[in-house]
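Since the structure is predicted, the reported quantities are computational estimates derived from the model, not experimental observations. Values below: all heavy atoms of this structure, side chains included; hydrogens, waters and symmetry mates excluded.
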Amino acid sequence: MKKRKYLMGAFLLLIFALGLAYYFKPMTMNDIYDKPNFKGTVVQVSEGAILVEVDPEEDEVKSSDLISVSLEVQLKDSMTDFKPGDRVGVYYNGEIAESYPAQIHTVYAILLVESRNVEP
């Protein structure tokens with residue numbers, strides 16, 4: 001009987017450990033493709049954020065035509081060095097702070113779609 005309780009406890013501990021490992025696993029490119037996202041053009045670059053003009057056909061333009069996007073991304077392979085004129089794809093948690101410009105704080109990844117190198 002003690003052996004059975006020990007095995008049950010070990011099994012529950014293993015399930016708990018596997019759950020924690022899954023929860024804290026690093027984010028990969030495959031994890032972001034089903035997340036809310038939009039495309040736009042970088043208008044301004046500042047320390048810690050980029051200002052993105054949202055493409056007119058994107059749903060996010062209903063919230064705002066300009067969105068400040070945090071450069072503190074969860075996907076560590078994500079690019080964070082942008083220039084005005086770069087076209088980007090922003091993957092985020094779906095929450096947009098209502099302000100002007102709007103703000104996105106939880107960013108999973110920012111991908112460079114096209115580099116346009118516009119001089120300021």
Under 3.5 Å, side-chain donor or acceptor atoms of residues 93-102 against the rest of the protein: list the pairs with distances, not counting sequence neighbours.
{"unit_1": "Asn93", "atom_1": "OD1", "unit_2": "Glu95", "atom_2": "N", "d": "3.1"}
{"unit_1": "Ser99", "atom_1": "OG", "unit_2": "Pro101", "atom_2": "O", "d": "2.7"}
{"unit_1": "Ser99", "atom_1": "OG", "unit_2": "Gln103", "atom_2": "NE2", "d": "3.2"}
{"unit_1": "Tyr100", "atom_1": "OH", "unit_2": "Asp65", "atom_2": "OD1", "d": "3.0"}

- [ ] Nearest 0.5 Å please: distance from the CZ atom of Arg87 over to the CG atom of Leu112.
- [x] 10.0 Å
Open item on the list: Rounded to the nearest 0.5 Å, what separates atom CD1 in Ile110 from atom CD1 in Ile104?
Closed with: 9.0 Å
- [ ] Please report the closest heavy-atom contact between Lys83 and Asp86, naming both atoms and the distance.
- [x] N-OD2, 2.9 Å
TODO: Please identify each residue that fulfils salt bridge (Lys or Arg N to Asp or Glu O under 4.0 Å) with Glu114, with sequence neighbours left out.
DONE: Arg116
Open item on the list: Which residues pass the side-chain hydrogen bond (donor to acceptor under 3.5 Å, both in side chains) test with Tyr92, not counting sequence neighbours?
Closed with: Glu60
- [ ] State plainly whether one hydrophobic cluster holds both Val52 and Leu66, where clusters connect Ile, Leu, Val, Met, Phe, Trp and Tyr through side-chain heavy atoms under 4.5 angstrom apart.
- [x] no
Enumerate donor-acceptor pairs with a distance under 3.5 Å from any side-chain N or O in residues 37-48 to protein atoms, sequence neighbours excluded.
{"unit_1": "Asn37", "atom_1": "ND2", "unit_2": "Lys35", "atom_2": "O", "d": "3.0"}
{"unit_1": "Ser46", "atom_1": "OG", "unit_2": "Ala49", "atom_2": "O", "d": "3.3"}

Open item on the list: Test of understanding: clusters of I, L, V, M, F, W, Y form through side-chain heavy atoms closer than 4.5 Å, transitively. Do Leu71 and Val69 belong to the same one?
Closed with: yes
